[in-house]
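First up is the structure itself, then whatever we jot down about it.
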Amino acid sequence: MSEQDTQQAPESPQQAEAAAYDVRAVQDKWLPVWERLDPFRADDDSPREKKYALTMFPYPSGDLHMGHAEVTALHDVIARYWWQRGYEVMNPMGWDSFGLPAENAAIKNDEHPATYTYANIETQYESFKRYGISFDWSRRLHTSDPEYYRWTQWLFLKFRERGLAYRKSSPVNWCPNDQTVLANEQVVDGRCERCGAEVTKRELTQWYFKITDYAQELLDCLDDLEPTWPARVVTAQRNWIGRSEGAHVDFAVEGRADPITVYTTRPDTIFGTTFMVVAVDSALADDLVTDGQRAAFEAYREEIRKETEIERLATDRPKTGVDLGVTATNPVTGAQIPVWATDYVLADYGTGAVMGVPGGDQRDWEFATEMGLPIVRTTQTPDGFEGEAFHGEGPAINSPAPGVDSPLDINGLAVDEAKRATIAFLEQQGSGEGAVNFRLRDWLLSRQRYWGVPIPIIHCDACGEVAVPYDQLPLELPELRGADLKPKGVSPLAAASDWVDVACPTCGGPAKRDSDTMDTFVDSSWYFLRFCSPRYEDGPFDPELAKKWMPADIYVGGVEHAVLHLLYARFFTKVLRDMGMLEVDEPFASQLNQGIVINQGRKMSKSLGNGVSLGDQLAEFGVDAVRLTLVFAGPPEDDIDWADMSPAGSLRFLQRAWRLSGDVTSPVGAAPADGDIALRRVTARTVHDAAEMIESYRFNVMVARVMELVNATRKAIDSGAGPDDPAVREATEAVAVLLSLVAPYVAEEMWERLGHEPTVARAGWPEVDPALLVEESVTAVVQIQGKVRARLDVAPDISDANLEQQALADPAVVRAIDGRPVRKVIVRAPKLVNVVV
RNA sequence: GCGCCCGUAGCCCAACAGGCAGAGGCACCAGGUUUAGGUCCUGGCCAGUGCGAGUUCGACUCUCGCCGGGCGCACCA
């Protein structure tokens with residue numbers, strides 16, 4: 001920047017002005033003008049067709065960084081394109097402003113989390129404005145504002161009324177560092193998604209959203225999203241939901257009223273069941289164990305509880321378990337089989353109990369081998385099979401085994417048939433039924449933290465759980481700060497007795513508020529709906545306006561939310577639809593996942609010392625050049641290595657484009673039809689292609705096309721049609737409009753120099769005369785044996801026969817054929833002729 | 001272990017639906033301009049598409065197998 005200034009000092013300001021524009025001065029000039037014109041305010045009453053452009057709202061930690069710069073630059077290309085194409089565009093922005101970093105900062109600095117949060121929000125707000133993204137700031141929201149979280153609480157209570165929010169005791173994921181529980185989605189490879197600490201299990205009573213009620217629909221709708229959502233997100237969600245089909249089977253236990261029910265995807269292997277395994281941390285195991293085995297069982301359970309998730313999930317360690325001392329009855333053979341407890345069965349999947357079929361399941365095989373339990377194969381293995389358990393296709397064998405008496409016989413049946421026959425038998429006998437299971441668990445939403453939405457529930461000894469009355473919402477957080485917020489295993493709110501101790505709204509007796517707060521993913525599960533009517537007072541959003549704006553036409557953001565935010569937001573949308581408040585089934589019609597900005601082949605990090613400061617880059621090259629660099633770097637989904645990029649080169653290009661606007665001498669409104677036809681064709685082609693590129697998210701190619709147009713226009717001015725040709729004006733105006741999607745400042749400056757009023761952002765997409773897109777002649781290639789031997793200039797509508805005749809008459813072709821007999825001629829008019837000799 | 005994606009000039013990246021491998025940029029070189037090793041203008045340089053097969057008149061593009069890189073899932077019965 002300072003370099004720019006010193007370069008302008010020389011004797012002739014005129015000359016300096018002609019060579020380069022002052023990046024900072026241009027930014028300072030236009031920012032207040034845009035502020036005044038407010039060109040991106042979405043009008044709820046506009047008759048124009050709507051577009052809703054959404055980008056993931058940030059968490060306010062410090063100032064904006066390169067990642068924010070990339071995602072918003074890409075997003076803004078689309079939003080600004082839609083404005084230019086004449087849509088009414090809603091492009092809102094806000095902050096996901098509850099969360100742990102603010103709380104940690106508050107403890108460290110002995111202050112209130114709001115101090116950190118709102119200071120950062122202001123910083124980011126100012127940065128966003130200067131960065132020139134076309135946000136409609138009139139819709140700004142913060143999830144930590146009581147006006148916002150009032151409705152988060154309202155939604156929680158409505159969900160609860162529908163049976164979709166409930167409390168249960170269960171072993172939950174616990175982050176020992178953050179001192180809070182985590183949802184399954186927030187545990188990555190056995191570690192806390194946020195801080196990386198190894199997650200352990202704890203038995204706690206917590207609030208859950210019953211997202212599993214929507215498992216099937218969440219899965220089914222992915223088919224509709226497949227064409228417009230990134231494949232990896234769709235796949236990730238399918239895997240996460242994890243639907244499987246199988247059966248529930250009851251194994252009777254002598255002396256116990258209830259049988260042990262298992263879930264299996266392979267009911268056809270039931271004859272190979274030589275033992276049962278129950279999750280060691282389940283209530284079922286505790287209930288089944290005999291007095292004689294209790295001591296051993298409890299010792300084993302203690303050992304397991306001390307393990308971290310990482311240890312527990314390791315697949316290569318030996319199987320462990322303890323015999324519970326009871327036996328169960330195989331419903332098809334009547335055989336008595338031992339029941340064991342183990343940690344390789346999960347308490348919260350299926351029924352927490354599994355029939356052990358070592359012949360068909362590798363885990364069971366290992367367990368049987370370890371414990372000396374019998375192994376029976378029930379599926380014929382292929383010739384030469386040398387593995388252990390076999391779970392492939394093959395006819396059923398030993399079902400029943402010779403000499404075993406059973407009312408069911410599935411020997412010889414293929415796997416699918418055997419499954420069907422077994423389920424039919426079990427259903428008829430009343431000892432089982434076909435069943436579907438999902439990997440997806442209910443969403444644990446309680447958090448033992450302060451800086452979040454208080455759960456609006458009061459616990460009364462007499463009345464139980466009582467909802468905070470709607471007219472008392474928002475239930476605001478008590479004022480806590482600094483050391484009050486230190487993690488102590490229970491929510492900091494629990495210690496705020498003034499706040500916690502209340503009269504029961506129902507009976508008036510002494511009661512306590514629920515002291516947990518909600519997972520911040522609850523806040524972000526509906527913010528895109530609030531944007532439709534951000535000041536609405538009668539509900540979380542105005543259903544009429546949601547009807548107008550929803551769904552979001554594009555959602556741009558990071559792929560790290562593939563199964564977190566994106567799944568939760570879909571769930572909320574479906575529930576709100578079922579509540580009659582929304583008409584859409586899905587919130588986001590299409591999606592774009594940008595890559596990340598790295599440096600020197602590595603993720604930017606403090607420890608590597610390879611961080612790139614957005615502020616420094618903006619100061620050195622200006623907003624436009626940084627935005628252009630990010631958009632031009634490559635396909636949006638790809639990571640950008642900043643070390644490979646050249647923001648200086650981007651700035652040079654922008655200077656070249658800008659210079660065009662000073663060279664144009666024809667008047668505003670000069671009839672383009674009188675202009676140079678060759679340049680007009682290039683302009684038309686560029687505008688046409690640019691639209692296509694944007695709509696297929698190939699923004700880097702769009703920029704390359706604009707560069708070509710700039711080059712062509714330069715040539716026309718210097719050595720062609722000349723600066724007064726109307727086609728030069730037409731081309732330069734097109735450059736300004738196209739550049740307005742990426743480099744708003746220089747585009748505005750060009751627009752003014754071309755004699756127009758601001759703002760170029762709303763100038764409208766250039767008109768393209770379709771006649772200019774039709775080539776007057778094309779080059780046809782003549783190949784001999786697939787090698788190019790000649791080129792012909794031909795009419796675009798030349799016939800196959802005509803082209804073939806011309807090709808074979810061409811001297812170069814005749815020479816190449818060299819008298820050999822022509823065996824075959826392939827003609828693809830007007831582009832190609834291939835002669836086979 | 002299973003699944004998905006990607007390998008094109010020194011570097012970042014293009015190539016519609018199989019049909020001329022290069023659109024654009026960076027870097028580099030040369031000439032012009034210049035007080036100028038900068039800016040600007042002009043021109044140049046640079047790969048036969050990771051490897052090996054197959055299909056085809058024709059393969060960067062389709063199929064199969066390797067090699068290399070990335071991502072996702074992973075004791076879910």
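Note that this is a predicted model, so its numbers are computed, not measured. Below, read A as the first sequence line, B as the second, and so on, with proteins coming before strands; counting in each chain starts at 1.
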Next on the checklist: Could you tell me if T261(A) and D250(A) have a donor-acceptor pair between their side chains, going purely by distance under 3.5 Å?
Outcome noted: yes

Next on the checklist: If I pick the C1' atom on rC60(B) and the same atom on rA17(B), what distance separates them, to the nearest angstrom?
Outcome noted: 15 Å

Checklist entry - Looking only at atom P, what distance separates rU8(B) and rG70(B), rounded to whole Å? => result 15 Å

Next on the checklist: The side chain of R439(A) is closest to which nucleotide in this list: rC13(B), rC73(B), rC57(B)?
Outcome noted: rC73(B)

Checklist entry - Within this structure, what is the CG-to-P distance between L832(A) and rG58(B), rounded to whole angstrom? => result 13 Å

Checklist outcome for this item: Separation of rC71(B) atom P from R232(A) atom CZ, nearest Å, is 11 Å

Checklist entry - What integer number of Å spans the P atoms of rU55(B) and rU42(B)? => result 49 Å

Item to check | Syn or anti conformation of rG43(B), syn meaning chi within 90° of 0 | outcome: anti

Item to check | rA15(B) to rG3(B) separation - P atoms, rounded to the nearest Å | outcome: 29 Å

Checklist entry - Please give, in whole Å, the distance from rC16(B) C1' to R828(A) CZ? => result 16 Å

Next on the checklist: Please classify the nucleic acid contact of V345(A) as base, sugar-phosphate, or nothing, using heavy-atom distances under 4.0 Å.
Outcome noted: base

Checklist entry - So which nucleotide from rA77(B), rC40(B), rA14(B) ends up closest to the side chain of R652(A)? => result rC40(B)

Checklist entry - Under 3.5 Å, is there a donor-acceptor pair between the D364(A) and Q362(A) side chains? => result no

Checklist entry - Do the non-hydrogen side-chain atoms of F632(A) and M645(A) ever get within less than 4.5 Å of each other? => result no

Item to check | Whole-Å distance separating the CD1 atom of I826(A) from the C1' atom of rA59(B) | outcome: 14 Å

Checklist entry - If you draw a 6.0 Å radius around CZ in R820(A), do more than 12 non-hydrogen atoms from other residues or ligands fall strictly inside? => result yes

Item to check | Nearest to side-chain heavy atoms of K319(A), which nucleotide of rC57(B), rA14(B), rC75(B) | outcome: rC75(B)

Checklist entry - Taking atom types as modelled, is there a side-chain donor on R266(A) or T264(A) under 3.5 Å from an acceptor on the other? => result no

Item to check | Of the listed nucleotides rC41(B), rA77(B), rC12(B), the one nearest the side chain of M645(A) | outcome: rC12(B)

Checklist entry - Picking from rG19(B), rC16(B), rC13(B), which would you name as closest to the side chain of N834(A)? => result rG19(B)

Item to check | Listed nucleotide nearest any side-chain atom of D343(A), set rC75(B), rC41(B), rC13(B) | outcome: rC75(B)

Checklist entry - Rounded to the Å, how far apart are K715(A) NZ and rU42(B) C1'? => result 9 Å

Next on the checklist: Measuring only the C1' atom in each nucleotide, how far is rG31(B) from rC45(B)? A whole number of Å is fine.
Outcome noted: 15 Å

Item to check | Nucleotide forming a Watson-Crick or wobble pair with rG52(B), both distances under 3.5 Å | outcome: rC64(B)

Checklist outcome for this item: Of the candidates rA23(B), rA77(B), rC76(B), the side chain of T265(A) sits closest to rA77(B)

Item to check | D442(A) side-chain N/O to I211(A) backbone N/O, donor-acceptor pair under 3.5 Å | outcome: yes

Checklist outcome for this item: Checking rC75(B), rC76(B), rC40(B) against the side chain of Y349(A) (C-beta onward), the nearest is rC76(B)

Checklist entry - Between rC5(B) and rG24(B), how far is it from one P atom to the other, in whole Å? => result 31 Å

Checklist outcome for this item: By the Watson-Crick or G-U definition, both distances under 3.5 Å, rG1(B) is matched with rC73(B)

Item to check | Nucleotide paired to rU35(B) in any strand shown, Watson-Crick or G-U, under 3.5 Å | outcome: none

Item to check | Complementary nucleotide for rA59(B) - Watson-Crick or wobble, under 3.5 Å | outcome: none

Next on the checklist: If you assign each of R698(A) and R714(A) to its closest nucleotide in RNA chain B, which residue comes earlier from the 5' end?
Outcome noted: R698(A)

Checklist outcome for this item: To the nearest angstrom, the CD1-P distance between I640(A) and rC26(B) comes to 17 Å

Next on the checklist: Please check this pair: side chain of Y300(A) against backbone of T320(A), looking for a donor-acceptor N/O pair closer than 3.5 Å.
Outcome noted: yes

Checklist entry - Roughly how many Å is it from CG in N239(A) to C1' in rC76(B), rounded to a whole number? => result 12 Å

Next on the checklist: Given rC13(B), rA23(B), rG58(B), identify the nucleotide with an atom nearest to the side chain of A704(A).
Outcome noted: rA23(B)

Item to check | Nucleotide of rA23(B), rA74(B), rA14(B) approaching P635(A) most closely (side-chain heavy atoms) | outcome: rA14(B)

Checklist entry - Distance between the P atoms of rC29(B) and rC64(B), in whole angstroms? => result 46 Å

Checklist entry - Considering heavy-atom distances to RNA chain B, does K824(A) or T235(A) have its closest nucleotide positioned more toward the 5' end? => result T235(A)

Next on the checklist: Expressed as a whole number of angstroms, how long is the span from F632(A):CZ to rC13(B):P?
Outcome noted: 11 Å

Next on the checklist: Using a heavy-atom cut-off of 4.0 Å across all strands, would you classify S646(A) as base, sugar-phosphate, or nothing?
Outcome noted: sugar-phosphate

